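Notes to accompany the following structure.
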2 protein chains.
Amino acid sequence: MATIKEIAQRAGVSVSTVSRTLNNYPDVNPQTKEKILQIAKELNYFPNAVARSLVQKKTYTIGVFFGNKMNSGFDHPFFLDVISAVREVAGNAGYDLLVFTNKNKERATYTTLCRERSVDGVVLLLTGEGKRRTEPLVELQNSGIPCIAIDIPLIGEKTAYVESDNYAGAKLAVQHLIDLGHRRIAFIGGDEISKTSYDRLRGYQDTLMENRIGFDPTLIRLGYFSKEKAALGTRELMANKPDITAFFAASDEMAFSVIKTLRDLGKRVPDDISVVGFDDIKEAEFFEPRLTTVRQDKYQLGSEAARMLLNIIENPDYQPTPVTLPSQLIIRQSTAVLQKRFRQEGEDS
Amino acid sequence: MATIKEIAQRAGVSVSTVSRTLNNYPDVNPQTKEKILQIAKELNYFPNAVARSLVQKKTYTIGVFFGNKMNSGFDHPFFLDVISAVREVAGNAGYDLLVFTNKNKERATYTTLCRERSVDGVVLLLTGEGKRRTEPLVELQNSGIPCIAIDIPLIGEKTAYVESDNYAGAKLAVQHLIDLGHRRIAFIGGDEISKTSYDRLRGYQDTLMENRIGFDPTLIRLGYFSKEKAALGTRELMANKPDITAFFAASDEMAFSVIKTLRDLGKRVPDDISVVGFDDIKEAEFFEPRLTTVRQDKYQLGSEAARMLLNIIENPDYQPTPVTLPSQLIIRQSTAVLQKRFRQEGEDS
DNA sequence: TTGTAAGCGTTATCAC
DNA sequence: GTGATAACGCTTACAA
């Protein structure tokens with residue numbers, strides 16, 4: 001690749017003049033300017049971003065951490081949508097994305113990795129254990145590195161997070177079930193470490209209480225967003241509480257698993273038992289029966305995250321604040337009005 | 001962040017000694033070595049990758065281009081799986097991924113973007129028009145930049161591609177239909193520019209010929225991997241050729257669209273008409289009816305691509321050659337034995 | 001075994 | 001308006 005030096009030589013000027021021209025500084029003779037631009041074009045010159053970054057301490061790069069540990073797969077069902085949105089708005093602002101892979105680095109943390117690569121900011125798309133408020137996360141939060149987390153409540157000078165309204169979403173789901181006549185509503189929750197899971201649980205509880213149905217903790221199992229654990233929980237629940245007429249699962253994938261398990265148990269969905277999920281992943285629409293669920297706006301999750309991050313990066317005075325996006329109930333085929341026969345059974349128990 | 005200079009001062013040695021120590025050079029006194037390592041740890045030192053890249057001309061970064069133009073979304077249904085695999089093997093080798101977003105850059109091409117960022121290699125995950133053999137693609141192919149394309153036949157000194165065996169996959173699909181008794185088999189193809197589409201078309205044609213059924217070009221419509229165009233093609237076909245008893249679609253998404261359209265037309269799948277897709281995206285298993293399709297091994301597509309790319313990067317003598325991965329027929333519920341009444345109808349026309 | 005110094009390709013600070 | 005020159009943080013001859 002051609003360098004600024006070559007251009008300078010050919011144009012018979014100094015490198016600084018070339019640099020100024022290329023960066024559109026005002027104080028440069030139109031004559032020389034044109035000449036330099038011409039030569040740059042001929043040489044098909046593009047500035048070396050690495051060299052520039054070194055002096056400017058700015059890389060126009062946004063780091064991305066994915067997965068449940070610092071290095072696992074892109075394992076969340078809607079990360080693609082989120083990251084796609086991040087990419088779009090970051091791209092429009094001139095930033096590229098650096099996806100960290102960081103294997104076999106001994107003492108590396110989110111923070112050191114970011115510093116090593118000199119990224120201008122970072123977005124966290126973690127799952128499972130990765131969402132636990134551990135030392136590396138706290139370190140990052142306090143590092144001064146611009147950071148936006150998806151679904152993890154980090155707050156700091158240069159840190160905030162974006163999430164869906166999980167509480168309201170859960171309320172919508174449970175209220176829908178109640179409106180359909182259900183009273184014995186089981187909950188397949190997420191985990192005990194994430195705010196996301198906790199909010200969905202609270203939404204479930206509160207809605208039950210508000211409707212004077214009461215909250216029965218024995219109707220709950222944690223599924224940890226895994227098909228297997230959700231299936232297990234469903235089995236246990238159905239064995240112990242045969243009067244259950246509806247399930248609310250904290251994710252669509254778990255809802256699929258609940259439905260399959262129910263089917264194995266000889267139950268029909270939604271005829272015998274109603275099921276609602278959470279997320280509205282693509283498969284939800286294709287599943288049989290088409291899944292009633294709470295939609296998270298994945299695109300907005302990502303674009304909002306990117307917008308805030310860019311704000312933090314480019315505006316020193318900007319004070320980021322957490323954003324909670326509305327979620328929406330999507331009614332499809334996996335929920336139905338409670339049948340009389342069940343209602344009676346329900347009354348009996 | 002601490003720099004090598006600071007460490008040198010504290011240790012009372014020169015920067016070069018520090019550098020050598022940190023890079024595990026053999027010729028350094030164990031005493032000083034230990035001392036330096038100790039200080040580095042205390043200062044929580046991590047090398048500045050940007051500075052290092054500048055001198056070494058190596059960034060340990062692999063560029064990724066996504067989408068149908070140089071900047072559109074992550075729009076292919078299985079890109080996530082592919083990129084996830086790329087990330088895993090690249091990560092194990094110590095490389096991070098740089099996802100290019102490149103908006104508003106005037107004369108930028110794949111090549112200039114790669115050079116500007118000094119990526120060590122690049123993987124192309126393009127769709128639609130992006131796959132057309134255009135100047136920017138040829139430029140990249142001849143640039144000397146290590147490059148692996150997914151599904152685009154680029155070949156060069158440092159360039160190769162990875163694809164699924166689309167021809168064999170298509171043959172499997174059509175043969176399956178024929179074995180089921182179908183004779184009037186329509187084809188909803190991809191586009192006219194990609195090798196992928198062409199190979200699937202050839203597989204369709206050849207299988208028909210080999211089975212002495214003959215190839216009727218009027219049974220073909222191009223769907224351009226779009227739901228709308230696939231639906232349109234299906235309508236046209238059914239209007240003009242009512243004796244069709246099976247459809248082979250060049251992608252699962254188009255197959256879904258075909259099935260929906262058929263349903264709108266009052267046809268049952270697979271009872272009246274069989275449909276097979278291509279790709280085996282996640283939704284295929286959830287769709288109703290569960291889709292019979294040709295599976296591409298997305299994970300291997302990505303890991304093979306990364307493996308080859310790393311080979312090109314790290315081994316100057318390595319001569320990359322294109323890789324074609326086996327594809328596999330997954331028989332599910334959208335195909336069935338041709339019913340007698342149709343067979344007769346078919347015979348009649 | 002260690003230090004000096006050049007250099008990677010830019011930008012930025014001064015003089016001129 | 002323009003040119004030296006230092007600086008960014010590191011690696012790497014070459015010397016000592």
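Just so it is clear: chains get the letters A, B, ... in the order the sequence lines come, proteins before strands, and each one is counted from 1. Quick caveat, the model's predicted, so the values are computed rather than measured.
Between B:Q9 atom CD and D:dG9 atom P the separation is 12 Å, expressed in whole Å. The OH-P distance, from B:Y60 to D:dC10, rounds to 16 Å in whole Å. Note: CZ (B:R20) to P (D:dT11) measures 12 Å, nearest angstrom. In this structure, A:K33 atom NZ and D:dT2 atom C1' are separated by 15 Å, rounded to whole Å. Taking atom CZ of B:R52 as the reference point, atom P of D:dT11 lies 5 Å away to the nearest angstrom. Rounded to whole angstrom, the span from the NZ atom of A:K5 across to the P atom of D:dG3 amounts to 16 Å. Atoms CD (A:E34) and C1' (D:dG1) sit 17 Å apart, rounded to a whole Å. One can place CG of B:L22 at 15 Å from C1' of D:dT12, the figure rounded to the nearest angstrom.
At D:dT12, one or more side-chain N or O atoms of B:Y25 fall inside 4.0 Å of OP1 or OP2 (strictly under the cut-off). Contact check, B:S19 against D:dC10: no side-chain N or O comes under 4.0 Å of OP1 or OP2. Of the side-chain N and O atoms in A:S14, one or more sit less than 4.0 angstrom from OP1 or OP2 of D:dG3. At D:dG9, none of the side-chain N or O atoms of B:Y45 fall inside 4.0 Å of OP1 or OP2 (strictly under the cut-off).
B:D27 comes within 4.0 angstrom of a base, heavy atoms only. Within 4.0 Å of A:T32, counting heavy atoms only, lie sugar-phosphate atoms of the nucleic acid but no base atom. B:S16 comes within 4.0 angstrom of a base, heavy atoms only. Nucleic acid contact class of A:V50 (heavy atoms, under 4.0 Å, all strands): none. As judged by a 4.0 angstrom heavy-atom cut-off over every strand, B:N48 is placed among residues touching the sugar-phosphate backbone only.
A:S143 contributes a side-chain N or O that, together with a main-chain N or O of A:L140, makes up a donor-acceptor pair within less than 3.5 Å. Side-chain N or O atoms of A:Q141 include one that pairs as donor or acceptor with a backbone N or O of A:I155 at under 3.5 Å. Using a distance-only test at 3.5 Å, with no hydrogens or angles considered, a donor-acceptor pair links the side chain of B:S53 to the main chain of B:A49. Looking at A:N23, its side chain never comes within 3.5 Å of a backbone N or O of A:Y25 through a donor-acceptor pair.
Both A:N29 and A:V15 lie close to DNA chain D; mapped to their nearest nucleotides by heavy-atom distance, the more 5′-ward contact belongs to A:N29. Comparing B:V55 and B:T17 against DNA chain C, the residue whose closest nucleotide sits nearer the 5' end is B:T17.
A donor atom on one side chain and an acceptor atom on the other are found under 3.5 Å apart for B:T196 and B:K131. Defined by atom type and a distance below 3.5 Å, a donor-acceptor pair is missing between the side-chain atoms of A:Q38 and A:E34.
A salt bridge links A:R117 with B:D96: the closest approach of a Lys/Arg side-chain nitrogen to an acidic carboxylate oxygen falls below 4.0 angstrom. Using a cutoff of 4.0 Å between basic side-chain nitrogens and carboxylate oxygens, A:D120 and A:K58 are scored as salt-bridged.
Bounding nucleotides for the chain A contact on DNA chain C, 5' to 3', at a heavy-atom distance below 4.0 Å, are C:dG9 to C:dA12.
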